[in-house]
Amino acid sequence: MKGTFQTIEGTSDLLSGTRRPLVRIEVWRHVEDVIHTVMHRHGFAEIRTPVLEPTGLVARGLGQLTDVVSKEMFTFERGDTSYVLRPELTAPIMRAYLQHHMEQKPGVRRLYYIGPCFRAERPQKGRYRQFHQFGAEIIGTNDPRADAEVIAVMMDVYQTLELTDAQLRINTLGDAESRPRYREALVKYLTPHTEALSEISRERLSRNPLRILDTKVEAECVLLEGAPRLLDYIDEDSRASYEALKGLLESLEISFVEDPMLVRGLDYYTQTAFELEHAGIGAQRALAGGGRYDLLAPAIGASQPVPAVGFAAGMERLILAMEASELSLPEEHPFDAWMVALGETAGREAFLLLQTLRAEGLRVGMELGYRSMKAQMRLANRARARQVVIVADRELEAEVATVKDMNTGEQLTIPLAQLADNLIKTLN
RNA sequence: GUGACCGUAGCUCAGGCGGUUAGAGCGCCAGGUUGUGGCCCUGGAGGUCGGGGGUUCAAGUCCCCUCGGUCACCCCA
């Protein structure tokens with residue numbers, strides 16, 4: 001236990017054969033398969049960017065004042081550059097879009113990703129220092145159909161995984177002009193009540209007042225009921241695009257609730273904002289979040305805004321939700337067959353036979369080292385092998401193998417030349 | 001970063017007010033069946049009681065520090 005090395009705080013190994021779905025590799029593979037399939041169906045192209053990015057990209061992209069940038073980044077210096085382990089993927093994707101001049105390609109860009117991210121937070125349920133996100137972005141248009149499409153592909157992933165008990169909430173944050181006007185009104189309303197605010201909200205009042213809207217403090221929620229409404233301040237374009245989005249979602253029969261208190265924690269969001277929540281996964285209940293971020297590109301150096309909308313989703317939270325919703329999750333894969341050999345000569349022949357069966361496409365296992373038949377049979381059973389192929393001197397002399405069906409217990413003698421065909425036939 | 005709870009075999013846990021060889025179930029290995037799994041029976045291996053310090057004749061048990069885990073705050077996917 002001690003003396004050996006351990007995974008560092010808030011990180012974990014994903015393994016085969018564990019009882020815990022959250023770290024069971026078969027569950028991850030299944031979820032990833034579904035994500036790739038759904039994204040592919042919707043015409044999104046995969047993009048993989050480095051785990052390491054320039055610190056400046058993330059700091060300017062997400063905003064210096066956000067908690068993620070100001071206290072949750074893993075950064076290090078080497079030479080005269082500062083590197084960061086990416087805390088999210090939207091800024092890196094926009095960086096790639098600009099770097100590879102994707103705006104020069106015809107039409108809009110539909111991109112999706114899956115990969116690890118890092119945040120130096122205190123771990124708890126649904127929150128880890130290395131965690132995994134998947135997401136999709138549509139870059140190059142402010143058409144509200146893009147907002148609807150991003151939500152549609154997101155919902156399709158959960159739908160395909162049969163996770164149907166998540167709730168979608170949407171809101172609009174207004175554009176670059178209307179948001180500051182609202183911000184001003186909110187500050188004006190809250191300032192006389194400064195005394196009633198929590199310490200955290202008081203600090204936000206000057207730094208990022210919109211974040212006060214999603215407070216959990218009861219007294220503040222009551223106070224906010226009388227606050228100016230964001231919806232009353234937003235510009236015509238944002239309002240029209242928000243109405244269009246709602247109409248599209250209704251037509252697509254994607255159910256949602258409007259939540260005027262919904263705000264996002266990163267600076268780059270404007271207009272559409274949305275979040276998908278699941279009630280069964282603890283305090284970190286957001287499965288996915290997203291929205292429009294037309295201002296990200298100029299924040300990281302582009303000469304003009306690039307209209308874009310997307311979502312990001314947590315893989316760990318998705319798996320926790322699937323577990324909470326009692327969906328059946330993949331276990332270790334069974335074996336088609338298992339080789340059992342007795343003695344050194346047969347052990348060598350069985351090993352060669354094993355390889356030819358594998359070449360035929362069968363999933364076949366075998367213990368190495370010379371153990372008793374009983375021990376080998378037990379291993380075959382544990383591996384949930386459908387059939388066992390027994391080979392010893394007796395069989396080899398006659399050029400046959402004894403094949404045992406592990407469900408019925410039935411045993412047959414099969415000529416080696418017909419072994420593969422025979423195994424395949426009985427599997428079907 | 002703050003707080004609460006928890007660290008005893010590979011896993012899940014038991015160990016009344018400190019008392020001398022630290023236990024169980026499951027798992028693992030072997031045997032019962034000179035070539036046959038799942039059930040059953042028998043035996044075996046496996047533990048510096050997270051680490052360090054202290055109190056005491058005596059510490060898994062009490063105290064302090066430390067590391068790790070879990071959950072919550074905060075934050076966010």
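Heavy atoms only: backbone and side chains are in, while hydrogens, waters and symmetry mates are out. Convention: sequence-line order gives letters A, B, ...; per-chain numbering from 1.
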What residues 114-126 of chain A contributes to the RNA chain B interface at heavy-atom separation below 4.0 Å is A/Arg119, A/Glu121, A/Arg122, A/Pro123, A/Gln124, A/Lys125, A/Gly126
| message | Regarding A/Glu9, tell me which of base, sugar-phosphate or nothing describes its non-hydrogen contacts under 4.0 Å with the strands shown. | response | sugar-phosphate
Requested in this report: Write down the distance separating the P atoms in B/A22 and B/G51, rounded off to the nearest Å.
Outcome: 16 Å
Exercise. Can you tell me if NE2 on A/His100 sees more than 12 non-hydrogen neighbours from other groups inside 6.0 Å?
Worked result: yes
* To do: Using the C1' atom on both, measure B/G32 against B/G37 and round to a whole Å.
  => 16 Å
(Q) Any donor-acceptor pair, under 3.5 Å, between the side chain of A/Arg127 and the base of B/C74, if you only look at N and O atoms? (A) yes
Can A/Thr426 and A/Gln387 be counted as having a side-chain donor-acceptor contact under 3.5 angstrom?
yes
| request: Could you check whether A/Phe131 gets within reach of a base, just the sugar-phosphate, or nothing at all, counting any heavy atom under 4.0 Å? | output: base
| field | Distance, C1' atom - from B/A4 to B/U8, rounded to whole angstrom | value | 22 Å
Point to revise | B/C26 versus B/A14 - spacing of their C1' atoms, nearest Å | key: 15 Å
* To do: Using the C1' atom on both, measure B/U33 against B/C41 and round to a whole Å.
  => 13 Å
Regarding A/Arg24 and A/Glu332, does a basic nitrogen lie under 4.0 Å from an acidic carboxylate oxygen? no
Note to self: At less than 4.0 Å, is any side-chain N or O atom of A/Arg378 found next to OP1 or OP2 of B/C28? Yes or no.
What the structure shows: no
Can you list, pair by pair, the side-chain donor-acceptor contacts under 3.5 Å of residues 60-76 of chain A, counting residues two or more places apart and other chains?
unit_1, atom_1, unit_2, atom_2, d
A/Thr66, OG1, A/Gly63, O, 2.8
A/Thr66, OG1, A/Val69, N, 3.4
A/Asp67, OD1, A/Lys71, NZ, 2.8
A/Ser70, OG, A/Thr66, O, 2.9

Q) Below 3.5 Å, does any donor atom in the side chain of A/Asn381 face an acceptor in the base of B/G37, or the other way round? A) yes
Please give the distance between the P atoms of B/A72 and B/G53 as a whole number of Å. 36 Å
Numerically ordered, the residues 280-295 of chain A set in heavy-atom contact under 4.0 Å with RNA chain B is A/Gly282, A/Ala283, A/Gln284, A/Ala286, A/Leu287, A/Ala288, A/Gly289
A/Met373 has its side chain closest, among B/C29, B/A77, B/G35, to B/G35
Within residues 387-424 of chain A, the residues having a heavy atom closer than 4.0 Å to RNA chain B are A/Ile390, A/Arg394, A/Glu395, A/Lys404, A/Met406, A/Gly409, A/Gln411
Symbol by symbol from the 5' end, with Watson-Crick or G-U pairs under 3.5 Å, [ ] crossing and | another strand, RNA chain B is (((((((..((((.....[...)))).(((((.......))))).....(((((..]....))))))))))))....
Hits for ring-ring contact (aromatic ring centres under 6.0 Å, His included) against A/Phe335, two or more places apart or cross-chain, chain-then-number order -> A/Trp338
Check step by step if side-chain contact (heavy atoms from CB on, under 4.5 Å) holds for A/Arg317 and A/Gln284. CA-CA 8 Å; A/Arg317 291 180 191 182; A/Gln284 306 298 322; 3.3 Å; yes
So A/Gly310, base contact, sugar-phosphate only, or nothing? Heavy-atom distance under 4.0 Å.
nothing
| message | Quick check on A/Arg384: does its CZ atom have over 12 non-hydrogen neighbours (other residues, nucleotides or ligands) under 6.0 Å away? | response | yes
Passes ring-ring contact (aromatic ring centres under 6.0 Å, His included), A/Phe44 versus A/Tyr112? Steps please. CA-CA 6 Å; A/Phe44 284 72; A/Tyr112 82 95; 7.4 Å; no
